[in-house]
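Scroll down for the structure; my scribbles are underneath it.
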Amino acid sequence: MTIGELDPAALWLAAGLALGIAELLVPGVFLIFLAIAAGVTALTAWAIPDLPIGLQLAEFAVWSVVCVVIGRRWYRDFPVESDAPVLNAPALRLRGQVVTVTTPIVGGEGRARLGDGEWPVRGPDAQSGTRLRVAHVDGGVLLVEPLAD
């Protein structure tokens with residue numbers, strides 16, 4: 001190797017480190033698999049110094065696919081448990097909430113107060129002031145049911 005020539009193993013290792021750092025900065029768990037593939041390619045480039053760049057790129061591509069497939073299967077078989085499973089599903093957070101009918105429910109439709117807002121509701125006929133429970137959310141309409149005794 002001459003002074004002006006760069007070591008391919010070092011370049012692959014640097015790429016792997018850069019991808020690993022990017023994984024920490026970018027949400028998601030995808031770049032870590034590419035970082036692993038770059039690390040394996042760095043080991044191969046170190047073990048076989050005269051490996052052509054085309055084969056190194058092909059090896060990186062193959063290892064990338066293998067690592068992503070293994071990672072996807074891992075996350076499918078061992079899902080990450082969340083302490084807030086409905087965090088990104090605001091409609092699911094409304095289920096079970098108690099509402100107070102503000103406009104009588106007649107013919108299955110009316111309005112009810114939930115928190116500091118008033119929502120359109122569908123459910124059994126009820127007079128103003130009746131307390132009901134949110135069973136489901138359909139778009140912006142709360143589907144309500146009587147409170148369990």
Would you name the heavy atoms of [X] and [Y] that are closest together and state the gap between them?
{"X": "Thr41", "Y": "Phe60", "value": "OG1-CA, 3.4 Å"}
{"X": "Ala37", "Y": "Cys67", "value": "N-SG, 4.2 Å"}
{"X": "Glu59", "Y": "Leu51", "value": "OE1-CD2, 4.2 Å"}
{"X": "Gly107", "Y": "Asp125", "value": "N-OD1, 3.0 Å"}
{"X": "Leu31", "Y": "Leu19", "value": "CB-O, 3.8 Å"}
{"X": "Gly20", "Y": "Ala35", "value": "N-CB, 3.7 Å"}

Indicate yes or no for a side-chain donor-acceptor contact from [X] to the backbone of [Y] under 3.5 Å, with no hydrogens or angles considered.
{"X": "Thr102", "Y": "Arg111", "answer": "yes"}
{"X": "Arg133", "Y": "Leu147", "answer": "no"}
{"X": "Glu23", "Y": "Ile32", "answer": "yes"}

* Qualifying ring pair (Phe, Tyr, Trp, His ring centres under 6.0 Å) pairs, either residue in residues 61-80, two or more places apart ->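 For residues 61-80, and leaving out neighbouring residues, the ring pair (Phe, Tyr, Trp, His ring centres under 6.0 Å) pairs sorted by first residue read Trp74-Phe78.
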Does [X] have any salt bridge (Lys or Arg N to Asp or Glu O under 4.0 Å) partners at least two apart in sequence or in another chain, and if so, which?
{"X": "Asp138", "value": "Arg122"}
{"X": "Arg131", "value": "none"}
{"X": "Arg113", "value": "Glu118"}
{"X": "Asp77", "value": "Arg73"}

* To do: To the nearest 0.5 angstrom, please state how far the CD1 atom of Ile105 sits from the OG1 atom of Thr130.
  =>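 So the gap between those two atoms works out to 7.5 Å.
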Does one hydrophobic cluster hold both [X] and [Y], with members joined at side-chain heavy-atom distances below 4.5 Å?
{"X": "Leu94", "Y": "Leu143", "answer": "no"}
{"X": "Val121", "Y": "Leu114", "answer": "yes"}
{"X": "Phe33", "Y": "Leu13", "answer": "no"}
{"X": "Val40", "Y": "Trp46", "answer": "no"}

* Asked: Can you check whether Val137 reaches Val141 side chain to side chain, under 4.5 Å on heavy atoms?
  -> no
* Asked: Just wondering, do Val144 and Val99 contact through their side chains at under 4.5 Å, heavy atoms?
  -> yes
* Structure fact -> Residues at least two apart in sequence or cross-chain that pass side-chain contact (heavy atoms from CB on, under 4.5 Å) with Ile53, listed by chain then number, are Gln56, Leu57
